[in-house]
Amino acid sequence: MLFNSLEFILFFPIVCLVYYLLPGIKGRTIFLLLASYYFYMCWEPVYALLLLTSTSITYISALCMDRFRSRRRRKISLFSGIFINLGILFFYKYYEFAGSLITDFFSLLNIGIEIPRWNVLLPVGISFYIFQAVGYAIDVYRGTIKAEKNFVVYALFISFFPQLVAGPIERAKNMLPQFREKHKFSYENFDAGLRLMIWGFFMKLCVADRVSTYVDAVYNNYMEHSGVSLLLATFFFTFQIYCDFAGYSLIAIGSSKMMGFTLMENFHRPYFAKSIKEFWRRWHISLSTWFKDYLYIPLGGNRVGHYRHLWNLFVTFLVSGIWHGANLTFVLWGSLHGLYQIVGIEKNRLLPKINVSKRLHAVFNCLVTFVLVMFAWIFFRANDLHSAFSIIAKIFTDRGPLFTGEGIPSLLLGFMCIGILMLKEIKDEMSIKVHALNAENYWVRIISISLFIAFIILTASFNGGAFIYFQF
């Protein structure tokens, strides 16, 4: 079930209404769990068993860690749970990729080895809920939280439908206590949540889906297009992937807010970052902090020697790239961001600071960071490495005409929606107060929201586009 579907428009109000009508916390928890599994089963019912398996394994693993006093037995419980979960993730997401790499490697040595192919369907959101389950198990092992003894509550933590298939990747210490609270209907929560959802739908339908048609037309047939078209498609994709994923996150956060739950912020205006390091503090925050807490810091973080610190950074971003997809393009994308980080650290360490206007310096750094991020997105979007390098070569050498197959009005509408997005982001980044947008008058708010919804309906691209991050 997609957020941008008629099914969800019917599903969510019913769930929200029944949730508030149910009197007890226990009944609400069971109802939300059933609703969450129904939500997930709308894609592929049989994969609900996979979700249940991952949930059960980490639930049992955590209970064992809570019970055992021996450090050795606690480690065995932890690694057993992690190994099985990551094994499931590897089989469904990376088995075919690893098999093709092994086959290609041995073929270079003239050794004929053929790895069996299974051609399994990738379960939607598997990377998200498995990482959430693994993070919970590690937190229990570290003593950050106690193991959750109520299976229904824990199962809801893993499967809570707003953030089940594309995050945010939540932490148990934030969500588990909320499932034990009885949330009363709040107009403030409803209003705040609805506004987040509306803005999320704007980002998805009016920006991401609208520019995606141009991006797909150019990138999927890049040999027929000029460097100018490819540069514009890359610029559009930079906003497509941001608005697609951040839009999903806002809809998830907003729908949760309307039911009284608070999810973590997942994006914080990342294209205003003044360095790659700051970019990753603003982009996909739940994943960035997950890798920081469960990979980067255990590797030693920055508490080791200088070159070991740089290696830890590189490995973390390399793994982040692999997490995003079973393709060498994602490996290179993650490695490139790791190199960006290393160059940034070395630049600050070795080069003298230049005395210039702070504002000018901030704008320059922001533009440079945006260009570096946009360049890296080429590898993320390209179908393979050969395509990525060919696209880069054409951008710098081919000065052919701009592709206008989608029509000039469609392109202008895409730019207009990006412009509206950036005006809103600038307002938030600079904390500019617009009285009309924050009016206390009830009818002013209703009319403003109604007009913006009408604008979304009139300008949205209803192409049924699934959220990009579902594939991860």
Side-chain angles (χ1 to χ4, degrees), residues 54 58 61-62 65-66 68 71-87 89-90 127-148 157-158 163 167-177 263-268 270 273 275-324 330-331 333-349 472:
S54 175
T58 45
S61 172
M65 284 186 280
D66 239 15
F68 296 149
R71 184 179 178 85
R72 179 174 173 273
R73 297 177 75 181
R74 283 169 56 81
K75 274 190 174 181
I76 291 173
S77 300
L78 171 66
F79 287 117
S80 296
I82 292 177
F83 179 79
I84 296 173
N85 270 276
L86 294 186
L89 180 62
F90 173 84
S127 299
F128 289 90
Y129 69 73
I130 282 186
F131 266 40
Q132 187 156 307
V134 167
Y136 162 79
I138 295 173
D139 285 343
V140 172
Y141 175 79
R142 291 174 174 175
T144 306
I145 58 170
K146 289 285 186 182
E148 175 56 58
F157 162 66
I158 299 298
Q163 46 89 216
I169 303 173
E170 275 294 347
R171 304 298 178 88
K173 64 181 179 181
N174 175 39
M175 292 304 295
L176 287 177
L263 301 184
M264 70 181 295
E265 183 182 30
N266 212 19
F267 289 85
H268 189 71
S275 66
I276 296 297
K277 182 178 181 179
E278 184 185 348
F279 173 80
W280 280 101
R281 289 175 178 166
R282 293 169 174 253
W283 177 274
H284 201 171
I285 299 168
S286 63
L287 181 69
S288 301
T289 53
W290 196 98
F291 275 119
K292 176 185 175 183
D293 292 343
Y294 303 119
L295 179 61
Y296 174 68
I297 291 177
L299 285 173
N302 59 1
R303 306 182 311 276
V304 292
H306 177 66
Y307 292 107
R308 175 64 186 276
H309 170 218
L310 299 182
W311 172 250
N312 291 343
L313 269 176
F314 182 79
V315 169
T316 300
F317 281 94
L318 174 63
V319 174
S320 173
I322 295 171
W323 178 90
H324 278 85
F330 296 111
V331 174
W333 172 78
S335 301
L336 188 56
H337 271 277
L339 290 174
Y340 284 163
Q341 295 269 13
I342 292 172
V343 171
I345 290 173
E346 293 299 283
K347 177 180 73 70
N348 293 333
R349 187 172 73 97
F472 308 131

Item to complete: Decide if atom CZ of Arg349 counts as having more than 12 heavy atoms of other residues, nucleotides or ligands within a radius under 6.0 Å.
Response: yes
Worksheet entry | Minimal non-hydrogen separation, Ser286 against Pro168, with atom names | OG-CA, 3.6 Å
Fill in: Spacing of CZ belonging to Phe291 relative to OG1 belonging to Thr289, to within rounding of 0.5 Å
10.5 Å
Worksheet item: Rounded to the nearest 0.5 Å, what separation is found between the OG1 atom of Thr316 and the CH2 atom of Trp311?
Response: 10.5 Å
Worksheet item: Roughly how far, to the nearest 0.5 Å, is the CD1 atom of Ile158 from the CD1 atom of Ile130?
Response: 10.0 Å
Worksheet item: Taking the side chain as C-beta and beyond, is there a heavy-atom pair between Leu310 and Tyr307 under 4.5 Å?
Response: yes
Discussion item. Applying the side chain to side chain contact (heavy atoms under 4.5 Å, CB included) criterion to Tyr296, which one of Leu313, Val319, Val315 satisfies it?
Written reply: Leu313
Worksheet item: Does the cation-pi check pass for Arg74 over Phe68, that is, NZ or CZ under 6.0 Å from the six-membered ring centre and within 45° of its axis?
Response: no
Worksheet item: So with a 6.0 Å cut-off around CZ of Arg142, is the heavy-atom count from everything else above 12?
Response: yes
Worksheet item: Taking atom CZ of Arg303 and atom NE2 of His309, what is their separation to the nearest 0.5 Å?
Response: 10.5 Å
Discussion item. Working to the nearest 0.5 angstrom, can you tell me the gap between Asp66 CG and Ser61 OG?
Written reply: 10.5 Å
Worksheet item: Taking side chain as C-beta onward, heavy atoms only, is Phe83 less than 4.5 Å from Phe79?
Response: no
Worksheet item: Under 4.5 Å between any side-chain heavy atoms of Phe314 and Leu339, yes or no?
Response: yes
Worksheet item: For the ring pair Trp323 and Phe128, is the centre-to-centre distance below 6.0 Å?
Response: yes
Worksheet item: Do His306 and Glu346 touch side chain to side chain, with heavy atoms closer than 4.5 Å?
Response: yes
Worksheet item: Between Trp290 (side chain) and Phe131 (backbone), is there a donor-acceptor pair under 3.5 Å?
Response: yes
Worksheet item: Closest approach of Gln132 and Glu170, non-hydrogen atoms and distance?
Response: OE1-N, 2.8 Å
Fill in: Donor on one side chain, acceptor on other, Glu278 and His268, under 3.5 Å
no
Practice prompt. Would you indicate whether the side-chain heavy atoms of Met264 and Ile285 approach each other to under 4.5 Å?
Written response: yes
Practice prompt. Kindly give the heavy-atom pair with the smallest separation between Leu89 and Ser127, and that separation in Å.
Written response: CD1-OG, 3.6 Å
Worksheet item: What residue pairs, at least two apart or across chains, pass salt bridge (charged side-chain N to carboxylate O under 4.0 Å, His left out) with a residue in residues 285-300?
Response: Arg171-Asp293
Practice prompt. Evaluate the side-chain proximity of Asn266 to Gln163: yes if any heavy-atom separation is below 4.5 Å, no if none is.
Written response: no
Fill in: Closest contact, heavy atoms only, Trp283 versus Pro270
CE3-CG, 3.6 Å
Discussion item. Using modelled atom types and a 3.5 Å cut-off, is there a donor and acceptor pairing between side-chain atoms of Thr58 and backbone atoms of Ser54?
Written reply: yes
Discussion item. Show the nearest heavy-atom pair for residues Gly321 and Trp333, with the distance to one decimal.
Written reply: CA-CE3, 4.0 Å
Fill in: Residues Asn85 and Tyr129: side-chain donor-acceptor under 3.5 angstrom
no
Item to complete: Enter the distance from Arg308:CZ to Asn312:CG here, rounded to the nearest 0.5 Å.
Response: 5.0 Å
Response to the item:
Nearest heavy-atom contact between Pro177 and Ala172 is CD-O, 3.5 Å
Item to complete: For Tyr340, check ring-ring contact (aromatic ring centres under 6.0 Å, His included) against everything at least two apart and list the hits.
Response: His337
Worksheet item: Quick one: does Tyr136's side chain have a donor or acceptor within less than 3.5 Å of a partner on Glu148's backbone?
Response: yes
Item to complete: Answer yes or no: is there a side-chain heavy-atom contact under 4.5 Å between Asp139 and Tyr294?
Response: yes
